Amino acid sequence: MKKLAIILVLLISSVTFSQDILMQDGTSNQCAGTFLDSGGPANYSSNEDFTYTICPENTGDILQLNFSSFSTQLTDIMTIYDGDDTTAPVLGTFSGGGAANNPGLVEASGTNATGCLTITFVSDGSVTTTGWSAAISCFEPCQTITAVIDSTSPAVNGAGQVEADLNQVITFNGNGVFSNSGAGATYTWDFGDGSPTVTGQTIDYAYTTSGIYNVTLVITDTNPNGCQSTNDINLQVIAGASSPGNPSVYAGDDTSIDCTTGCVDLTASYLDIGLTNTYSVTPIVFVPPFSFNGLTNSVNTNIDDRWGSVESMPFDFCFFTQTETQFQVGSNGVIRFDVDATDTSNGYFLGPADDLPNNTNDTLGEANIFTPVHDIDPSVNNTNEIRWEIIGTAPNRVLAVSFYEVPLYNCNALEATHMAVMYETTNVIDVYIRDSPACNTFNGGRAAVGIQNDAGNDAFVPPGRNVSDSPWNANNEAWRFTPAGPSVVEFAWLDDTGAVISTSPTFNVCPTTTTTTYTARVTYTNCNGDIVIVTDDVVVSVPVSVDLGPDQNLCIGDPDVILDATVASGTATYQWLLDGTDISGETNPTLTVSSPDSGTYSVSINDAGCTVTDDIIITFSNGNATFSLTPSCDGATANISGDLGGTFAFNPVPTDGAVIDAGTGTITNGVSGVSYTVEYITGGSCSAANTETVTVIITDDPSFTVTGTCDGATATIIGDTGGTFTFNTAPADGATIDSTT
């Protein structure tokens with residue numbers, strides 16, 4: 001009974017501590033339990049020198065050790081290696097006590113192929129302490145996840161934006177590229193308007209407030225660590241706004257033909273611009289493309305009535321037929337291209353009759369763009385901003401200049417916020433006015449919005465926004481100044497081969513294939529000769545489409561083939577054909593084809609006035625192992641007339657040293673007059689075999705005798721006749737030989 005009691009205690013101890021590891025020499029694969037010093041709850045011992053490796057249970061996982069306590073003598077040292085032995089990189093060396101010396105959370109690195117950690121501990125002959133305790137765990141390392149946009153409806157335009165009216169439903173289709181697996185992944189959308197995030201791979205959403213919104217998509221996989229995509233999908237929505245002034249073209253939404261005519265009209269829209277000798281002025285929706293504050297470059301900080309320094313533009317900007325490459329910003333809401341570094345004073349006074357155009361009042365005559373011009377005073381506080389920035393990438397860069405919450409002179413409680421945006425390539429100028437109050441107690445509250453040439457004799461001003469219209473107030477309004485001279489834009493429709501098929505934005509097409517892609521192309525020629533081309537595609541489809549799949553090569557006796565031509569319509573009719581002839585009674589969406597009925601099977605579908613067809617070739621056959629052998633003097637060569645790709649072998653295998661090439665069937669080292677039997681077996685699903693026998697050509701007998709005469713000799717052939725005679729070697733004494741006798 002005592003022995004039994006002891007055994008029970010040992011078994012219970014084994015179960016209790018099966019997942020705990022005491023420091024020793026050894027290895028284990030586990031993802032739970034506790035890693036302890038050799039003494040467990042007690043102190044470790046002196047003169048220890050142990051190495052222990054802990055690996056995850058599952059391939060691909062990463063091991064973690066989380067030290068809840070750690071205390072050793074300073075001369076007793078633990079070293080942790082990032083791998084399954086001590087040749088791996090060292091993650092850390094630890095000794096001592098207290099929080100500063102505790103290893104904390106230690107985990108294998110992402111480059112560690114094994115996911116293991118190797119720990120060494122060396123103690124000297126001195127005193128010892130309580131050692132350590134670390135929880136063991138494993139985790140699956142994060143895969144790489146890249147979020148992408150499959151499609152949107154309305155489609156993304158040439159500038160990478162979705163344009164939609166307010167309350168118009170936009171469909172977003174997201175996807176992900178996963179380095180491992182996307183099964184069970186969660187797709188979370190943030191539409192940038194402050195609304196709660198929405199989950200789903202395909203989402204419908206409508207904006208209720210005008211604006212330009214950045215849409216983000218975050219994909220989270222099923223890893224317990226919640227691995228996520230971190231990339232920007234670079235998608236922007238313009239809700240209830242005018243299109244930006246960048247070069248752009250929109251080919252329209254994908255569409256289908258009209259089955260009654262077999263055709264459909266395609267209509268493309270694009271930003272049409274002309275030379276800058278004249279401009280059109282149009283109101284646009286107040287949706288500033290950039291924030292009024294926070295632009296990169298500060299100008300005239302806390303300085304009133306001052307022109308900023310001369311700044312360079314990284315692109316040529318065409319303005320009233322001039323090519324501008326420099327600009328200055330004035331404190332009173334103006335910008336000029338006719339720069340003068342020595343002129344620092346920006347005028348502020350406006351008389352009641354000082355309308356644009358104007359070259360007599362310096363407040364107006366020195367400036368080109370008025371966002372508006374009025375007497376504002378940035379010296380009042382440190383919170384206002386006058387800033388500019390070059391934004392975007394060529395050929396779609398802009399120069400944005402903003403005046404943010406700048407107090408009006410003599411009416412400091414009133415603040416002005418407005419911005420000008422100048423577009424590369426198109427030379428369009430947009431002005432956005434969030435707030436332009438009138439200070440009626442100074443300068444008559446006068447202000448003006450517009451653009452003016454360098455000479456000051458030509459200007460374009462929105463209605464009611466000239467100096468003589470003052471005093472006026474503006475809130476949340478915007479104006480576009482578009483070059484309106486002779487057009488510098490060429491438009492063309494291209495077919496799917498790239499050939500130009502029309503130069504009219506509206507064009508009627510009659511495609512004959514199931515889906516056809518057409519491309520709208522717009523070519524912009526800038527004043528400096530630069531050419532920018534933008535394109536957009538539209539897919540035109542037939543309302544009914546069918547695809548029976550690729551041709552099929554099958555073996556006689558294989559299971560039936562079910563052809564399915566079902567279309568999503570309750571009014572469609574079907575007719576199946578074999579080799580161009582109707583199959584009587586086969587008018588269902590599916591057709592069963594049985595072995596050995598080979599042929600070209602077709603289906604004709606009619607719906608909504610449209611007829612579409614597709615065909616598939618189905619071939620039932622057995623393998624063909626036909627071949628022939630042509631004998632030679634030491635073997636034979638093979639010629640395959642059946643299925644290629646099989647193998648050759650002797651059957652039976654000869655013992656006289658003859659060999660055969662398994663791929664070509666060529667026999668070498670054969671014996672004269674001996675017959676060999678060869679078997680050829682084809683590969684593939686319809687394997688077949690065939691045998692042929694060949695006899696090696698018998699070698700000729702060249703035997704003969706020579707009988708001497710007084711001046712030579714006569715030869716007697718005793719072997720095969722018909723050969724030729726010759727001296728070997730040829731004599732030099734004039735003797736001759738008849739080559740035949």
Side-chain angles (χ1 to χ4, degrees), residues 59 113 548-563 578-579 593-601 615-706 715-730 737 739-740:
T59 301
L548 296 178
D551 295 341
Q552 298 188 40
N553 293 308
L554 306 168
C555 301
I556 292 176
D558 277 354
D560 293 345
V561 177
I562 307 298
L563 300 179
L578 173 58
D579 296 330
V593 179
S594 301
S595 168
D597 298 332
S598 301
T600 300
Y601 290 85
D615 56 53
I616 181 175
I617 300 174
I618 298 179
T619 304
F620 292 98
S621 64
N622 286 323
N624 184 352
T626 305
F627 72 102
S628 60
L629 294 170
T630 302
S632 64
C633 293
D634 69 339
T637 57
N639 179 47
I640 301 171
S641 53
D643 298 335
L644 301 176
T647 57
F648 290 91
F650 286 125
N651 188 7
V653 178
T655 59
D656 58 7
V659 295
I660 188 169
D661 186 298
T664 65
T666 300
I667 300 172
T668 55
N669 206 39
V671 178
S672 174
V674 174
S675 296
Y676 300 93
T677 299
V678 175
E679 182 177 44
Y680 177 63
I681 301 176
T682 64
S685 60
C686 305
S687 181
N690 186 31
T691 59
E692 296 287 346
T693 300
V694 66
T695 301
V696 177
I697 296 173
I698 299 174
T699 305
D700 291 344
D701 182 1
S703 301
F704 70 100
T705 60
V706 179
T716 300
I717 299 172
I718 58 178
D720 296 329
T721 61
T724 58
F725 292 93
T726 184
F727 283 126
N728 186 7
T729 60
I737 187 170
S739 62
T740 301

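Below, each value reflects all heavy atoms present in this structure, side chains not excepted, and no hydrogens, waters or symmetry copies. Since the model is a prediction, treat every value here as computed from it, not as a measurement.
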Colleague: Which atom names give the shortest non-hydrogen contact between S672 and T699, and what distance separates them?
Modeller: OG-N, 2.8 Å
Colleague: Is the closest side-chain heavy-atom distance between T740 and T724 below 4.5 Å?
Modeller: no
Colleague: Could you state the interatomic distance from CG (D661) to OG1 (T668), rounded to the nearest 0.5 Å?
Modeller: 8.5 Å
Colleague: Are T666 and T664 close enough that a side-chain donor and a side-chain acceptor fall under 3.5 Å?
Modeller: yes
Colleague: Might you work through the side chain to side chain contact (heavy atoms under 4.5 Å, CB included) test for F627 and N690, ending with a clear yes or no?
Modeller: CA-CA 8 Å; F627 72 102; N690 186 31; 3.9 Å; yes
Colleague: With no hydrogens and no angle check, is any side-chain donor or acceptor of T682 less than 3.5 Å from a backbone partner on G623?
Modeller: no
Colleague: How close do I717 and F725 get, heavy atom to heavy atom, and via which atoms?
Modeller: CG1-CZ, 3.8 Å
Colleague: So which atom in A658 and which in G670 form the shortest heavy-atom distance, rounded to 0.1 Å?
Modeller: CB-CA, 4.0 Å
Colleague: Find out whether V696 and P631 are in side-chain contact, i.e. whether some heavy atom of one side chain is under 4.5 Å from a heavy atom of the other.
Modeller: no
Colleague: Side chains of N639 and T630: closer than 4.5 Å at any heavy-atom pair?
Modeller: no
Colleague: Once ring-ring contact (aromatic ring centres under 6.0 Å, His included) is applied, what residue pairs with a partner in residues 649-670 remain, sequence neighbours excluded?
Modeller: F650-Y676
Colleague: Which value, rounded to the nearest 0.5 Å, describes the distance between T626 atom OG1 and E692 atom CD?
Modeller: 8.0 Å
Colleague: Evaluate side chain to side chain contact (heavy atoms under 4.5 Å, CB included) for T619 paired with L554, printing each intermediate quantity in order.
Modeller: CA-CA 6 Å; T619 304; L554 306 168; over 6 Å; no
Colleague: What do the steps show when you test V678 against T691 for side chain to side chain contact (heavy atoms under 4.5 Å, CB included), and what is the final call?
Modeller: CA-CA 5 Å; V678 175; T691 59; over 6 Å; no
Colleague: Is it true that a side-chain atom of D720 and a backbone atom of D700 form a donor plus acceptor pair closer than 3.5 Å?
Modeller: no
Colleague: For the residue pair I556 and P596, what are the closest heavy atoms and their distance?
Modeller: CG1-CB, 4.2 Å
Colleague: Are side-chain heavy atoms of L563 and I618 found at a separation under 4.5 Å?
Modeller: yes
Colleague: Ignoring hydrogens and angles, tell me if any N or O in the side chain of T600 forms a donor-acceptor pair with the backbone of D579 under 3.5 Å.
Modeller: no
Colleague: Got a sec, which residues hit side-chain hydrogen bond (donor to acceptor under 3.5 Å, both in side chains) with S675, two or more places apart in sequence or on another chain?
Modeller: T695
Colleague: Pair I640, Y680 - check side chain to side chain contact (heavy atoms under 4.5 Å, CB included), show working.
Modeller: CA-CA 9 Å; I640 301 171; Y680 177 63; 3.7 Å; yes
Colleague: Which heavy atom of Q552 sits nearest a heavy atom of V561, and at what distance?
Modeller: NE2-CG1, 3.8 Å
Colleague: Report yes if some heavy atom in the side chain of S687 is under 4.5 Å from a heavy atom in the side chain of I681; otherwise report no.
Modeller: yes
Colleague: Between the side chains of S594 and D560, does any donor sit under 3.5 Å from an acceptor?
Modeller: yes
Colleague: If you take all heavy atoms of F727 and T729, which pair is closest and at what distance?
Modeller: CB-O, 3.8 Å
Colleague: Do T677 and T693 meet the criterion of a side-chain donor-acceptor pair at a distance under 3.5 Å?
Modeller: yes
Colleague: So for atom CD1, which belongs to I737, do other residues, nucleotides or ligands contribute more than 12 heavy atoms lying within a distance under 6.0 Å?
Modeller: yes
Colleague: Tell me whether D551 contacts the main-chain N or O of I617 through its side chain, where contact means a donor paired with an acceptor under 3.5 Å.
Modeller: yes
